[in-house]
Amino acid sequence: LHEEGLIYRDRFIVNWCPGCRTAISDLEVIPQETQGHLYTLSYPYADGDGAIQVATTRPETMLGDTGVAVHPDDERYREKVGRRVILPLVGRTIPIVADPFVERDFGTGAVKVTPAHDPNDFAAAQRTGLPPLVVMDEGGRMNDNVPEAYRGLDRFEARRRVVADLKESGHLVSITDHLHNVGRCQRCHTVVEPYLSTQWFVRIGPLAEAATRAVAEGRVRFTPPHWINSYNEWMGKIHDWCISRQLWWGHQIPAWHCASCAHITVSRETPTTCGGCGRRELTQDPDVLDTWFSSALWPFSTLGWPERTPDLLRYYPTSALVTGFDILFFWVARMIMMGLKFMGEVPFRQVYITGMVRDAEGQKMSKTRGNVVDPLALIERHGTDALRFTMAAMATPGADLPLDEDRMAGYRAFANKIWNATRFVLMNLGETGRASTPPALPAPAELAVPDRWILSRVSRLAGSVEAALEAFRFDETANALYQFLWHEYCDWYLEMCKPSLAPGASPADVDRARAVLLHVLDRVLRLLHPVMPFLTEELWQRLPHRGETIAQAPYPTLEADLLDERAEREIALIMEIVGRVRNIRAELSIDPGRRLPLLVHAGDRETRALLASHRDLIAALARLERLEEVESLGLAGPAARAVAAGCDMAVPLAGVLDLDAERRRLQRDIDKLSREGEGHARKLQNADFLAKARPEVVDKVRAAHDEAEARLRRLARTLESLG
RNA sequence: AGGCGCGUAGCUCAGGGGGAGAGCGCUACCUUGACACGGUAGAAGUCAGCGGUUCAAAUCCGCUCGCGCCUACCA
């Protein structure tokens with residue numbers, strides 16, 4: 001970079017931390033809104049009466065003033081330009097100059113110029129030829145360039161003394177409250193001082209331009225993409241980067257100073273002679289590089305660069321960088337710059353910007369801030385996997401994630417649920433559990449509908465998980481796994497399996513159930529492994545499995561031959577029937593242990609066939625005494641009624657039916673259906689809707705409307721029959 | 001000062017032009033041989049407000065209010 005003129009050494013205004021006694025970059029200065037004061041000072045003209053008034057928030061810097069500036073077009077001061085004023089307390093005479101950087105509307109329209117201690121003043125001084133005068137040392141104390149009374153004083157003590165003395169001498173016009181941003185050191189919080197010193201800089205323009213282009217061309221993609229705006233905005237107004245630090249830790253700058261001449265030798269190897277005069281009295285520059293400069297090289301420097309090692313060739317560029325937006329400029333942008341510069345290619349194809357974990361007050365957690373929640377304490381309370389799962393579940397792209405311990409507790413319960421589900425499977429495996437490899441999945445023809453249903457569902461799950469991971473949707477990944485494992489596998493499939501595993505079940509049923517239970521559990525554990533690595537490994541090892549570790553087991557993908565829409569439809573209807581019976585039981589306060597008779601009138605042949613083949617399953621899930629298919633429900637007598645997709649149902653409750661409760665229950669269902677039906681009807685009566693909406697939407701609404709109406713009629717009749 | 005994002009159930013948050021969702025919490029009942037860190041059923045929202053686009057808006061657009069963040073050399 002130095003050979004190409006992209007690194008240079010210059011005497012320039014930098015951000016200086018008097019606490020750390022080093023230069024820092026723009027990014028390391030944290031602006032903090034602070035209630036301060038605006039001091040208006042009066043500088044008398046050297047050649048006659050009167051004075052010019054200037055305003056400042058840092059009165060101590062007046063000791064380093066070498067001029068006063070006004071706007072060239074400001075009528076009030078036009079004839080003052082070129083005159084001289086006497087700097088109070090110091091006695092130096094300094095000129096009044098004109099420069100367009102002055103805001104005519106602010107303060108008095110005249111500004112004191114302290115080139116060595118203010119970036120604007122420095123720039124203006126370079127344009128107008130005012131000399132810089134450094135009045136502080138590296139620790140922020142006034143140096144020997146100020147009158148003796150102030151020498152050695154800390155800058156804030158000097159401020160008090162200067163103000164007091166100006167007041168005394170009549171040069172202080174006013175003090176007003178003033179809210180402004182004060183820059184503080186990111187590391188030690190000391191107020192940063194703009195300070196003239198000699199430092200090394202990166203000429204950032206060409207590097208930033210290439211990096212901006214790479215992102216614009218899509219060679220690096222951002223997730224979520226809106227971060228590109230921030231990236232571009234920063235790149236657009238970037239300043240040269242001060243990379244030298246007066247610190248001890250870091251890469252020492254490979255520059256050697258000659259004791260005899262002013263030449264500086266910059267070299268990869270330690271030079272033996274000065275590149276300027278050829279003598280041998282060389283000392284290496286004591287400064288080190290900004291740690292972020294070294295970090296910018298990380299994607300290739302860690303892989304053996306500048307050698308073209310096999311690692312470098314294979315892993316550069318890498319596929320994705322996962323990181324936080326707080327180091328988007330510090331690190332990500334600079335890795336792109338340096339990667340393009342030295343490798344001729346971006347360092348990564350994708351940047352996934354995570355949300356920021358925040359504390360209970362919504363504050364960013366950081367080591368510097370000291371408000372970090374100890375992850376070990378969270379792990380102690382909820383478990384490692386629960387913590388990790390929570391992070392994944394909360395990771396909506398673009399949103400922060402406030403730490404929610406209640407939610408984490410919920411995911412600990414989920415981990416416990418998985419543990420118990422696996423325990424159930426293990427205790428039902430019999431000799432299958434002692435086999436070294438999992439049993440083969442039976443042929444589809446030998447599988448029961450619930451088997452085909454759960455296999456179809458887990459295959460679909462693998463497909464959604466893959467899509468979610470591809471899109472960096474870790475929240476969708478976690479939620480899909482949670483929903484499937486708890487509410488499909490545990491709530492329904494395990495319950496559906498129990499009859500097949502009960503004593504007295506046929507050996508064929510037992511084998512079939514074992515094989516499917518294991519297959520699905522194995523798949524879901526693998527799918528879950530990236531999000532709950534410890535639990536899944538522990539459980540997987542206890543199941544019959546192939547391979548050393550679940551981490552190396554193939555990641556499941558959608559298996560099209562396992563998809564079975566018919567089985568999914570059938571199970572959905574079974575779930576609805578069972579749900580209706582459970583609702584009747586709960587709403588009418590019927591003893592949960594009591595086995596109920598259920599009369600069903602099927603509306604079509606398909607439903608009739610379904611009922612016939614799943615009589616035992618429905619009876620087991622709904623805790624029925626018997627399931628009876630009837631031609632008509634009219635003769636059922638006192639009974640709780642319900643309608644499902646393809647059938648009407650009645651639970652005869654002679655002698656115990658609470659008619660009022662039953663009426664309320666039915667009425668509530670009717671109300672709900674009516675609201676739905678009205679919404680649909682309104683649309684279907686709207687000619688514009690029928691004409692302009694997409695046909696499939698119209699069809700969908702019409703079907704939903706007809707279904708709602710049909711159910712509504714049947715429910716209304718039922719309610720009427722109650723009198 | 002510019003830029004970005006967010007306001008959806010009591011809480012924490014998904015969703016995102018056509019049926020308002022999840023977890024936790026809440027209510028009722030249940031110790032049923034995997035699991036009470038559990039089960040079943042249920043209550044609960046003017047999707048911040050106003051206006052616009054559209055056959056149709058929580059969803060798109062504009063404005064307002066509130067909150068958060070980033071960037072910035074007004075002394």
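Every chain is numbered from 1, with letters handed out A, B, ... down the list of sequences.
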Between A/Arg473 and B/G15, is there a contact of a side-chain N or O with OP1 or OP2 at under 4.0 Å? yes
Tell me whether the side-chain N/O atoms of A/Thr396 come closer than 4.0 Å to OP1 or OP2 in B/A14. yes
Could you check whether A/Arg595 pairs with A/Glu625 (Lys NZ or Arg NE/NH1/NH2 to Asp/Glu carboxylate O, under 4.0 Å)? no
Is any side-chain nitrogen or oxygen of A/His117 closer than 4.0 Å to OP1 or OP2 of B/A75? no
Which of the following nucleotides, B/C29, B/A14, B/U12, is nearest to the side chain of A/Pro592? B/C29
Of the residues in residues 487-494 of chain A, which ones touch RNA chain B at a heavy-atom distance under 4.0 Å? A/His487, A/Cys490, A/Asp491, A/Leu494
Send over the distance from A/Lys417 NZ to B/G38 P, rounded to a whole Å. 7 Å
Using 4.0 Å as the upper bound for N to carboxylate O, is an ion pair formed by A/Asp671 and A/Arg668? no
From B/U32, B/G23, B/G38, nucleotide with atom closest to A/Ala413 side chain: B/G38
Considering only heavy atoms and no angle criterion, is a donor-acceptor pair shorter than 3.5 Å present between the side chain of A/Arg623 and the base of B/U32? yes
When A/Trp227, A/Phe330, A/Tyr352, A/Trp331 are each screened for ring pair (Phe, Tyr, Trp, His ring centres under 6.0 Å) with A/Phe325, the one that passes is A/Trp227
Closest to the A/Lys498 side chain, choosing from B/A34, B/A41, B/G18: B/A34
For A/His680, answer base if it contacts any base atom (sugar-phosphate contacts may also be present), sugar-phosphate if it contacts only those atoms, and nothing otherwise; contact means non-hydrogen atoms under 4.0 Å. nothing
Just jot down the side-chain contact (heavy atoms from CB on, under 4.5 Å) partners of A/Ser464, sequence neighbours excluded, or say none. none
Does a side-chain N or O of A/Asn420 approach OP1 or OP2 of B/G38 to a distance below 4.0 Å, or not? no
Using a cut-off of strictly less than 4.0 Å, decide whether A/Trp486 has a side-chain nitrogen or oxygen near OP1 or OP2 of B/G39. yes
So if I take every side-chain heavy atom of A/Phe424 and compare against B/A34, B/C73, B/G42, which nucleotide ends up nearest? B/A34
Give the residues of residues 684-693 of chain A touching RNA chain B, defined as any heavy atom closer than 4.0 Å, sorted by residue number. A/Asn686, A/Asp688, A/Phe689, A/Lys692, A/Ala693
Choose from B/A34, B/A75, B/U12 the nucleotide whose nearest atom is closest to any side-chain atom of A/Met394. B/U12
Which listed nucleotide (B/G19, B/A75, B/A41) is nearest to the side chain of A/Asn583? B/A41
Of the listed nucleotides (B/A34, B/C35, B/A72), which one gets closest to any side-chain atom of A/Ala421? B/A34
